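All values reported here derive from a predicted model rather than from experimental measurement. In what follows, chains carry the letters A, B, and so on, assigned in the order in which the sequence lines appear, proteins first and then strands, with residues in each chain numbered from 1.
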Amino acid sequence: MVSNQKNNLNDSQQEAVKHPGGPLLVLAGAGSGKTRIITERISYLINKHNVSPSNILAVTFTNKAANEMKQRVARLVQKEARNLWIGTFHSTCLRILKREINKLDGYSRDFIIYDDADQIKLIKDCMVRLNIGERLLSPKHVGSQIDSAKNKGLGPDSSELNDYDKRVLRIYSLYEVELRKSNALDFGDLLHVTIMLFEKKPEVLQNYQNQFQHILVDEYQDTNHVQYRIVELLSRIHKNIFVVGDDNQSIYGWRGADIKNILNFEKDYSNTQIIKLERNYRSTKTILEAANKLILQNKNRHDKNLWTENATGDQINYYEARDDKDEAKHVSSQIGIETKNRGYSYKDIAIFFRTNTQSRLIEEELLRSTVPYKIVGGTEFYKRAEIKDILAFLKVITNPSDEISLKRIINVPPRGIGKITVNKLDEIAREKDVPFFDGIQLALEEKLLPSSALVKLEKLFNLLTRLIEFPEKNDIVSLINDVLHKTGYLDMLEKEEERRENIGEILNLAAEFGKERDKPTLNDFLDNVSLASDLDNFSEDADKVTLMTLHSAKGLEFPVVFIIGMEENLIPHFNSTRNGQVEEERRLFYVGITRAKEKVYLAGATRRMTFGKQQACIPSRFISELPKELIKWENFDYSLMDKTRGSKRSSTKPISRTRITYEKSGRYRVGQKVVHSSFGEGLIKKVEGSGDEAKVTVFFPAYGFKKIIASYLE
DNA sequence: CTGGACAAGCTTTTT
DNA sequence: GCTTGTCCAG
């Protein structure tokens, strides 16, 4: 938080904090003190209006934001802030379901949560059973279809899913049956089943409606339909719904977030008051002006005009790198300059990118130049095989019905139970209509398998039963240790230093969890882990450069921000240009720029390794949407004018390929009509160079003049 | 049944 | 370039 705002709220902010009640929409621009409004509002309600903390529900978008909010409120409030309901939609719904879900037929409170990897596995199993080949229908696609149905609150039998592929619907139906059998909920279920509960058990809904006298929602622009309904249902009695958001920062459309929720708020709630926060306390005038001009290109938005009294500050730097390696070197050397000559600490600096894979080269370069960094998200800790294995053991222990987890560990470490045995067990379980685990027991009792298999299965069965009977009074740490030793998992990792370290990390997590909770149960621990993400462990204390995706960057701020990969097909991402989601990509870039307090560095490359192949790239259209005078162009024309490089490169390539590109670029001449994948149809105005590196200047009616690498044109 | 060798497919973004 | 899946010899 910027110091000039530390103690005093401005008029609009005060108006929001002291809002008398009823629906309120706070349209808060980037850096206008959004989160602060919510914390101040909560403490105002508690301190000045004597509202009990347990009657307040505050929903945020990430666990990190929730934790931060809890801490800030705790500092402002005398009373027990612990009773506040602060969390993400998912964690809030989880909390409700853990108390109430048994009131719904077919659900029990000791359910476990399936993450998306578990979800995909289960979908694959279902597809095999339904004889639907993965070639015809990708499980991932099916998964996103199911998610999107759940985000709309639609079950597999819903008539509103008529336009869905029939096969997807059959998979969805079976998938639901299997989820119930495994006593598991997927991420979408946490919200979807909560709505079902509220609809089928009005008395449960009423309890919560009465309890939550005040509901506050942060990042309202990112709510999807189910989330919208949850909030709407819960606020019906007291109608004190206080939402804060910025439509310009809506970046989760792909997850079902509906920007209409914020655009139509005043239509949805009668007597809505709207307050706009347009003063930015974060960024320099330069950064803000660039961001404002950029977002002006979007049609679908509330009118806002962000302004600041901060200094003008430095120009925005744009560096056009030769290739992705050069880009990484540039970032790393600029970090060196900023820290050594300009007094910035490593923790003042962040590097944002569109896709997680982009981080690798940067990491390598930072390692080489010994710049300390931390990476948020990416190949997440919780996705590592050894972590998933241990968690699978724990899930089976707390919930033996969990088929996906049981199948994961049935032969880990290798104990001679292979595919054939598993398939037979599958058959047995399905024939007798019992969960997979009971199928094992049945096979043992009735000797339904060859004795060699039965011996191995019995060993495993006894091992698991012993672990399941592990007395509750023992803590989770010793349970994990027990799993590690008795299953032989630790022996298996004898030579795998890094994996053992990760195992150590999960032990630390369990120990910490044990300390935090009064009576920590295994099930709670697993819930906690399922909803946790790397983002939560992000700590501002360590003096390290932060690396993360543009999506994870939302809600954060840094004095110096680097955004890399400023190229067409990366931002806007390839998939978004075709689906007409360019506005959302623009908002994403907007989010990135507005994280910066003082300096913005943009970088893009003319060549980049994708799929293990060098690919030509052209600058992102968003670069040309920034006011030219605010930008310091570094190296911009370098790649276009450097002729030696072009000949050098083509000489290292196989002759046949060079010849082909020669012929291709030789096709182009001034006045010719060409088609580009992103810019559409255009007219050639100038041709420079030849071969692979030929540059063609093309006029596109919608985008103006562009210099393009010949091989990029159709 | 295991493990190694090879092929295929793949990349948005996250709770 | 990396990860996951498949095939085959042992």
With nearest nucleotides of DNA chain B determined for A:Gln581 and A:Thr88 from heavy-atom distances, which residue corresponds to the more 5′ nucleotide? A:Gln581
Which part of the nucleic acid does A:Ile420 contact within heavy-atom distance under 4.0 Å: base, sugar-phosphate only, or nothing? sugar-phosphate
Classify the nucleic acid contact of A:Thr421 as base, sugar-phosphate or nothing, counting any heavy atom under 4.0 Å across all strands shown. sugar-phosphate
Distance check needed: [N] [atom2] versus [X] [atom1], whole Å only.
| X | N | atom1 | atom2 | result |
| --- | --- | --- | --- | --- |
| A:Ile410 | B:dC1 | CD1 | P | 11 Å |
| A:Gln227 | B:dT15 | CD | C1' | 9 Å |
| A:Asp189 | B:dT15 | CG | C1' | 13 Å |
| A:Asn63 | B:dT14 | CG | C1' | 11 Å |
| A:Phe89 | B:dT14 | CZ | C1' | 15 Å |
| A:Phe187 | B:dT15 | CZ | C1' | 5 Å |
| A:Arg587 | B:dT13 | CZ | P | 18 Å |
| A:Ile564 | B:dT13 | CD1 | P | 13 Å |

Under 3.5 Å, which donor-acceptor pairs link side chains of residues 149-156 of chain A to any protein atom two or more places apart or in another chain?
{"unit_1": "A:Lys150", "atom_1": "NZ", "unit_2": "A:Glu176", "atom_2": "OE2", "d": "2.8"}
{"unit_1": "A:Lys150", "atom_1": "NZ", "unit_2": "A:Asp186", "atom_2": "OD1", "d": "3.2"}
{"unit_1": "A:Lys150", "atom_1": "NZ", "unit_2": "A:Asp186", "atom_2": "OD2", "d": "2.7"}
{"unit_1": "A:Lys150", "atom_1": "NZ", "unit_2": "A:Asp189", "atom_2": "OD1", "d": "2.8"}
{"unit_1": "A:Lys150", "atom_1": "NZ", "unit_2": "A:Asp189", "atom_2": "OD2", "d": "3.3"}
{"unit_1": "A:Asn151", "atom_1": "OD1", "unit_2": "A:Asn224", "atom_2": "ND2", "d": "3.4"}
{"unit_1": "A:Asn151", "atom_1": "ND2", "unit_2": "A:Arg255", "atom_2": "O", "d": "3.1"}

Evaluate side chain to side chain contact (heavy atoms under 4.5 Å, CB included) for A:Arg109 paired with A:Asn523, printing each intermediate quantity in order. CA-CA 10 Å; A:Arg109 291 201 292 197; A:Asn523 203 289; over 6 Å; no
With [X] via salt bridge (charged side-chain N to carboxylate O under 4.0 Å, His left out) - residues at least two apart:
| X | result |
| --- | --- |
| A:Lys329 | none |
| A:Glu178 | A:Arg129, A:Lys181 |
| A:Lys424 | none |
| A:Asp118 | A:Lys388, A:Lys395 |

Just jot down the ring pair (Phe, Tyr, Trp, His ring centres under 6.0 Å) partners of A:Tyr252, sequence neighbours excluded, or say none. A:Phe61, A:Trp254, A:His551
Span of DNA chain C in contact with chain A (heavy atoms, under 4.0 Å): C:dG1 to C:dG5
Which pairs count as salt bridge (Lys or Arg N to Asp or Glu O under 4.0 Å) when at least one residue sits in residues 447-459 of chain A, sequence neighbours excluded? none
Do A:Glu365 side-chain atoms and A:Lys325 backbone N/O form a donor-acceptor pair below 3.5 Å? no
In the 5'-to-3' direction, what one-character label does each nucleotide of nucleotides 2-11 of chain B receive under the scheme B = base within less than 4.0 Å of a protein heavy atom, S = sugar-phosphate only, - = no such atom? SS------BB
So, does [X] get its side chain near the phosphate of [N], meaning an N or O under 4.0 Å from OP1 or OP2?
| X | N | answer |
| --- | --- | --- |
| A:Ser552 | B:dT14 | yes |
| A:Thr549 | B:dT14 | yes |
| A:Asn356 | B:dT13 | yes |

5′-ward residue of the pair A:Lys124/A:Gly612 relative to DNA chain C: A:Gly612
With rounding to whole Å, what would you report as the distance between C:dT6 and B:dT11 at their P atoms? 16 Å
So, A:Asp110 and A:Asn183: side-chain donor and acceptor under 3.5 Å apart, yes or no? yes
